[in-house]
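Within every chain, numbering begins at 1; the chains are lettered A, B, ... in the order of the sequence lines, protein sequences first and strands thereafter.
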Amino acid sequence: MNDLQWRDRFVTELRMMEVAGSRVGDELKIVQDHLAESGETAEEAFGDPAEYVSNLGYIRTDGNWTSLAVIALTAYLLTSLVTDGVVASVQGKDVLIGGGDIIAAAMAAVAACVILVVATRSRRPWLLPAGLCIATIIGSIVVQSAWNPTMLTVDGPIALVIATALLVFLIAVLVNHAGGNRITDPVTGEDMMDRKYPRR
Amino acid sequence: METITWPSDWLRGTLSYAVLGSLRFGPMHGYAISTALEGAGLGKVKGGTLYPLLTRLAQGGLVSSTWEPGSAGPGRKVFAITSAGQLHAEQAEELWRSFASLISAAIAGPARTDISYPQNSRSELAI
């Protein structure tokens, strides 16, 4: 295994432990610094990457539930408000938000969290999440058809304005989430996985 | 200096004290600690052993670390002993001297009669 392959396996192992990008960068920089000084290969100095990661004492987590639930909930509300808002605006009617709609949104958030847990623990991470997605969609339709008393009435154009605000919020959360997972050099702040980043 | 390969279980139990001891000379980056330990006759300590140990010492509050930009090469993570680490090392030094004396006497068997138990032999220095 050459140093580049070692690095990729090391990063993958840390990612599987849900270690934050900044911490991955810290660990990677320590390895690079040591190799630059010692002249050893990564495998000589640090052994098997998986074993080294296990010795570093990171505890596996199930990811960030809160942010995923917020993303799922926002995405669901955004989709609903856009579709209902457009239809209501065209027809000159109000958007009616019912109890079933609220339950369906909550179901989407819970399903997203369960999917996250399954995806990080299961050997076949696609099977149960796929089933859960289908079950959530069917469940939402059933709930909204069976019980959906109007809880809130919103003008069509206002629904679209709210949807726009939710879209901006969703983009900000996603950008922030992606930025937090970047593997950055703890000294220079450069992206360590970028091709332009110096291989030392 | 003649290189002796020490039994690995001896090193496993004592390496943290040796690392703390090397940091009593001043802050060092990882490879310098490894070189210092090798220079002290303890043999080559691989990065795969040293950095997890430094992480545990840092988690225990015995060592602190900061990144310092390198003038020519990559930035370095510099490790320093904390006041708690200093105290821990001093206690370990005293206790170890007594322990080594006891073990030497125990190994020597009936030839040694000058065994004296230290006053603080019940101290706990687990890391």
Completion exercise
Hits for side-chain hydrogen bond (donor to acceptor under 3.5 Å, both in side chains) against W67(B), two or more places apart or cross-chain, chain-then-number order -> D26(A)

Handout entry: V78(B)-V45(B) co-clustered via ILVMFWY side chain contacts under 4.5 Å
Key = no

Exercise for the section: Would you name the heavy atoms of P52(B) and N55(A) that are closest together and state the gap between them? Expected result: CB-O, 3.4 Å

Exercise for the section: Determine, using the 4.5 Å side-chain heavy-atom cutoff (strictly less than), whether L96(A) and M151(A) are members of one ILVMFWY cluster. Expected result: no

Problem - Residues that S38(A) engages under side-chain hydrogen bond (donor to acceptor under 3.5 Å, both in side chains), provided they are two or more places apart - result: E40(A)

Handout entry: Spatial distance of atom NZ (K44(B)) from atom CD (E44(A)) [nearest 0.5 Å]
Key = 9.0 Å

Exercise for the section: Decide yes or no for E27(A) and Y51(B): does some side-chain heavy atom of the first lie under 4.5 Å from some side-chain heavy atom of the second? Expected result: no

Problem - Backbone N/O of R76(B) and side chain of K29(A): donor-acceptor pair under 3.5 Å - result: no

Exercise for the section: Please report the closest heavy-atom contact between T55(B) and L56(A), naming both atoms and the distance. Expected result: CG2-O, 4.0 Å

Handout entry: Contact residues of residues 28-37 of chain B (partner chain A; heavy-atom separation under 4.5 angstrom)
Key = H29(B), Y31(B)

Handout entry: Interface residue of largest heavy-atom contact number with chain B, from G57(A), A42(A), P186(A), under 4.5 Å
Key = P186(A)

Practice task
May I ask whether L81(A) and V87(A) are part of the same hydrophobic cluster, defined by side-chain heavy atoms of I, L, V, M, F, W, Y residues being less than 4.5 angstrom apart, directly or through others?
Solution key: no

Practice task
Go through the structure and list residues passing side-chain hydrogen bond (donor to acceptor under 3.5 Å, both in side chains) with D94(A), not counting sequence neighbours.
Solution key: none

Exercise for the section: Could you state whether I171(A) and L166(A) fall into the same hydrophobic cluster, counting links through intermediate Ile, Leu, Val, Met, Phe, Trp or Tyr residues with side-chain heavy atoms under 4.5 angstrom apart? Expected result: yes

Exercise for the section: Could you state whether I103(A) and I141(A) fall into the same hydrophobic cluster, counting links through intermediate Ile, Leu, Val, Met, Phe, Trp or Tyr residues with side-chain heavy atoms under 4.5 angstrom apart? Expected result: no

